[in-house]
Amino acid sequence: MVYLNETHDPSLQSWVASANVAENGFPIQNLPFSVFRIAGSSQAFRPGVAIGDQALDLAALARIQPFTGIAQEALDACQATQLNALMALGQAHWSALRLELSRALRTDSSLQSTLEPMLHNQSDLEFALPAHIGDYTDFYISLHHATAIGKQFRPDNPLLPNYKWVPIGYHGRASSIGVSGQAFARPVGQTRPGAEDGTPGFGPCERLDFELELGIFVGQGNDLGERIPITEAESHVFGLCILNDWSARDLQAWEYQPLGPFLAKNFASTISPWIVTLEALAPFRTAFQRNADDPQPMPYLTSDDNKAAGAFDIGLDVLLSTQQSRADNAEPALLCRSNFKEAYWSIAQLLTHHTVNGCNLQPGDLLGTGTLSGPDQGQEGSLLELNQGGKEPVKLPWGEERLFLQDNDEVVLRAKCSKPGYPTISLGECAGTVLPAKF
Ligand code: MN
């Protein structure tokens, strides 16, 4: 686990003035990674680190060899179009690079004049997927979501008996993952037969939903046949992003048994461009707690560090705008406000469980947490929970209602960590738009 060090000092300030503005979300204590280029250009994408409203070009920085040792090795891995090579180097390299970037971006750094020409306004940039994602697994780690959704599909038996013992997941599809700004056509497919006749429906999805999730980017992987013990699991995590696991509920209801989600999920998934490292999130760790009435995790899913600090306090918001609201210049509606700390399983437990059978994870693999609903009203991380199983439309402040998403609706997920006496650490945002179905 990464503990606090000089990069977390809340009094650190940057010579990039916008980084010191309260609540800007990308202070010098954050330093998240993405890949970017000038918007609309034909430049190669290259890695960058966010500082205030700027992004520092790490490929350009690498070429002048400003650092030494493993920090420079890590920077050299940024002469690439994606972050996989940096991810593969491991925790010691990431941490050494973070320390040197923190020092270089601090007020009075001797590198200021060298770095200034390598900064770009984030508003001038476009982003690509930060890594080649070889495999994508989506988990189901909110007990509150699993119970609420289980009630819709199985009113008499909402929570299956395995839930409190084994982190449930399914193998998703990496090819349809896009970066924030993704716009995708409403999926078409088979839907559950109506009551009167046994023939399934076919056509555009009528129950299109979002899922509020976080994504976990794997750093160093493990060899096929080898396990990652829970005491080492977090050192294999490069960082976290925001993830929208768009879901076609009517397709899902018809296809999900017996093998789980398939076409209801793999038409699109959207992630935020910035990956915030676990090191940056260290000040927001909290105890991982398991209700005394519940089974305690098996020994391979238990460690002292995981109990003491395996959860993260990350606030999560879902916002919705529609064609009408944008035409009216209305503010997007806040549909949900939740927190990652409510999750039933921790990040370390997910990695350890994923590899307990010898399955090999690789740098750039993405693990989704599953929908991060909280226990209370207003914390529902999907429309299927907000509308109580498709029964109660959500009323929007400008007068429209939504049972499920309509064409041209835009969903924006946001995530940030806040506490008194520490700068806000933002994960940025993850936006996606539903386009009409293609017939
Ligand atoms: Mn999901």
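Counting convention: from 1, in listed order, for ligands and their atoms alike.
Listed by first and then second residue, the salt bridge (Lys or Arg N to Asp or Glu O under 4.0 Å) pairs involving residues 86-98 are Arg98-Glu279 (not counting sequence neighbours).
Taking the side chain to side chain donor-acceptor pair (under 3.5 Å) definition, one finds that Tyr170 meets it with Asp138, Asp245, sequence neighbours left out. The side chain to side chain contact (heavy atoms under 4.5 Å, CB included) test applied to Asn387 returns Leu383, Leu384, Leu403, Phe404, not counting sequence neighbours.
Both tests hold for Arg290 against Tyr344: distance to the six-membered ring centre under 6.0 Å, angle to the ring axis within 45°.
Annotation for Gly374 and Glu342: closest pair CA-CG, 4.4 Å, computed over non-hydrogen atoms.
Under 3.5 Å, the side chains of Asp197 and Thr199 contain a donor-acceptor pair of N or O atoms.
Protein contacts to the Mn ion (ligand 1) involving N, O or S atoms at a distance below 2.8 Å are Asp138 OD2, Glu211 OE1, Glu213 OE2, Asp245 OD2.
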